[in-house]
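Here is the structure we will look at, set down as structure tokens.
Every chain is numbered from 1 and lettered A, B, ... according to where its sequence line falls, protein lines coming before strand lines. Both backbone and side-chain heavy atoms feed into the values below; hydrogens, waters and symmetry mates do not.
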Protein chains: 2
Amino acid sequence: MDPLKLENQLCFPLYVAAKEIVRKYRPFLDPLGLTYTQYIAMMVFWEHKSVTVGRLGDLLCLDSGTLTPMLKKMEAAGLVKRCRGSKDERVVTVTITEKGEALREKAQDVPTKMAGCVSLTQEEAVQLLALLKKLN
Amino acid sequence: MDPLKLENQLCFPLYVAAKEIVRKYRPFLDPLGLTYTQYIAMMVFWEHKSVTVGRLGDLLCLDSGTLTPMLKKMEAAGLVKRCRGSKDERVVTVTITEKGEALREKAQDVPTKMAGCVSLTQEEAVQLLALLKKLN
DNA sequence: TAAAATAAAATTGCACACAATATAAATCTT
DNA sequence: AAGATTTATATTGTGTGCAATTTTATTTTA
């Protein structure tokens, strides 16, 4: 068993599967005007209404180098507002707008549609989730 | 159970795990002068010596938009050569160089080092692999 | 309290990743 | 065989993703 053979890697199917899932989201997210990364950010906003950039980064495992430009685009799209904190001016708090809230309705059926694209049973999904968590 | 909550997503842990794995490779690949994507490409060259861009794209699930610039960098680094086919001039065949072959020695212990970073048993790894394959 | 250390975002630079389009060559079709 | 179609890469444009650095603000420390 050659450990430097592509087919013997664990990382590679993981890398491919992650890209594949994002790709499968596209047809459902395009009509909403969201990328996958913006979509998971919106999930945070739908749940918390308002979070700092740092907190968002912790939740999404993304740094400011990725988030700052993306949040500016989302602000330009009218989905969120970005405000410097008054108490601590280093902090930027991002808050969902009415338009962002409204998008939630249109996103409602995305998870169901995606579930239809994934050929795993409920049990397998749970198992996969457990293994992925253990990986981190 | 809110299907639009981040914590209820299957995709998100997958997306995070994939990024995390690539991140864990960095300290081992940096000394070789390879990125993760270049590393998996080198695995193909170590195995096949010579492949077309198209075939490489099939194996790595990457398109020419990603491969062409990367292969040019790898050529500039002296790891591979790119040659237009003489029989069919549309085809570009990429061939590993001596230097590319030599890099294999230095990469030899990367899989072992990585295995030390992943907290999965052999059995769990097999299970994960099966679930990921079913996902595609 | 002034200087040093720390912290939060933003910026910069590089490397993907991929859709869409362009280019050029080979193949098919009539 | 000329035109249409298909095929293999390359190019373009947009959007991450992250390390490293910078900027600005806060906190700690001497």
Side-chain angles (χ1 to χ4, degrees), chain A residues 11-12 15-27 29-30 32-42 51-77 79-80 82-94, chain B residues 11-12 15-27 29-30 32-42 51-77 79-80 82-94:
Chain A
C11 62
F12 181 63
Y15 158 85
V16 173
K19 288 193 303 176
E20 179 67 9
I21 288 285
V22 170
R23 202 184 60 73
K24 280 185 178 164
Y25 266 103
R26 264 189 68 103
L29 296 181
D30 272 353
L32 308 187
L34 293 176
T35 63
Y36 175 74
T37 315
Q38 289 169 3
Y39 174 62
I40 59 177
M42 285 309 296
V51 289
T52 65
V53 172
R55 173 97 174 106
L56 185 64
D58 290 343
L59 290 169
L60 300 184
C61 303
L62 291 170
D63 74 359
S64 67
T66 302
L67 290 178
T68 298
M70 188 186 76
L71 290 170
K72 283 181 178 173
K73 278 174 218 156
M74 292 174 75
E75 182 172 43
L79 298 175
V80 297
R82 293 158 66 248
C83 296
R84 283 273 161 200
S86 49
K87 197 175 62 195
D88 184 339
E89 290 206 2
R90 291 171 304 180
V91 175
V92 169
T93 298
V94 188
Chain B
C11 62
F12 181 63
Y15 158 86
V16 173
K19 288 193 302 175
E20 178 67 8
I21 289 285
V22 170
R23 203 184 60 74
K24 279 184 178 164
Y25 268 103
R26 264 189 69 102
L29 296 182
D30 272 352
L32 307 185
L34 292 177
T35 62
Y36 174 75
T37 315
Q38 289 169 6
Y39 174 63
I40 58 174
M42 284 310 295
V51 289
T52 65
V53 172
R55 172 99 175 103
L56 183 64
D58 289 343
L59 290 169
L60 300 182
C61 303
L62 291 170
D63 74 359
S64 67
T66 300
L67 291 178
T68 298
M70 189 186 76
L71 290 170
K72 283 182 179 173
K73 278 174 219 158
M74 292 173 75
E75 183 172 42
L79 299 175
V80 296
R82 293 159 65 248
C83 296
R84 283 273 161 199
S86 50
K87 196 175 62 195
D88 184 338
E89 290 204 2
R90 290 170 305 178
V91 175
V92 169
T93 299
V94 188

Chain B contact limits on DNA chain D, taken 5' to 3' with a cut-off of 4.0 angstrom to heavy atoms: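 The protein-touched segment is D:dT7 to D:dA19.
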In whole angstroms, how far is the [atom2] atom of [N] from the [atom1] atom of [X]?
X       : N      : atom1 : atom2 : answer
B:Gln38 : C:dC14 : CD    : C1'   : 11 Å
B:Arg23 : C:dA15 : CZ    : C1'   : 17 Å
B:Tyr15 : C:dA17 : OH    : P     : 13 Å
B:Lys73 : C:dC14 : NZ    : C1'   : 7 Å
B:Arg84 : C:dA25 : CZ    : P     : 8 Å
A:Lys87 : C:dA9  : NZ    : C1'   : 17 Å
A:Leu56 : C:dA8  : CG    : C1'   : 14 Å
B:Glu75 : C:dA15 : CD    : P     : 16 Å

Could you check if a side-chain atom of A:Arg55 sits within less than 4.5 angstrom of a side-chain atom of A:Leu59, using non-hydrogen atoms only?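 The answer is yes; the side chains approach within 4.5 Å.
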How long is the straight-line distance from [atom2] of [Y] back to [atom1] of [X], given to the nearest 0.5 Å?
X       : Y       : atom1 : atom2 : result
B:Lys73 : B:Leu79 : NZ    : CG    : 13.0 Å
A:Cys61 : A:Ile40 : SG    : CD1   : 8.5 Å
A:Tyr25 : B:Tyr15 : OH    : OH    : 12.0 Å

Are any side-chain N or O atoms of B:Lys19 and backbone N or O atoms of A:Leu62, one a donor and one an acceptor, separated by less than 3.5 Å?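 Looks like no, no N/O pair under 3.5 Å.
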Please answer whether the main-chain N or O of A:Thr66 pairs with a side-chain N or O of A:Asp63 as donor and acceptor at a distance below 3.5 Å.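 A pair under 3.5 Å: yes.
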Among residues 60-70 of chain A, which contact DNA chain D at a heavy-atom distance under 4.0 Å?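 Heavy-atom contacts with DNA chain D come from A:Cys61, A:Leu62, A:Asp63, A:Gly65, A:Thr66, A:Met70.
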Would you mind telling me which residue lines up with the more 5' stretch of DNA chain C, A:Gly54 or A:Glu20, judged by nearest nucleotide?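 First, find each residue's nearest nucleotide; the 5'-ward one identifies A:Gly54.
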Nearest-nucleotide comparison on DNA chain D, the residue closer to the 5′ end among A:Asp88 and A:Thr35: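 This one resolves to A:Thr35.
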I'd like to know whether A:Glu89 forms a salt bridge (Lys or Arg N to Asp or Glu O under 4.0 Å) with A:Arg84, so could you lay out the CA-CA distance, the side-chain angles of the two residues, the decisive distance to 0.1 Å, and finally the verdict. CA-CA 6 Å; A:Glu89 290 206 2; A:Arg84 283 273 161 200; over 6 Å; no
Please work out if B:Arg82 contacts a base, only the sugar-phosphate, or nothing of the nucleic acid, heavy-atom cut-off 4.0 Å.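 The answer is sugar-phosphate, as B:Arg82 gets under 4.0 Å only of primed atoms, P, OP1 or OP2.
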B:Val80 and B:Leu71: which non-hydrogen atoms are nearest, and at how many Å?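 So the two residues come closest at CG2-O, 4.1 Å.
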Between B:Glu75 and B:Lys72, is there a side-chain N and carboxylate O pair less than 4.0 Å apart?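 Answer for the salt bridge query: no.
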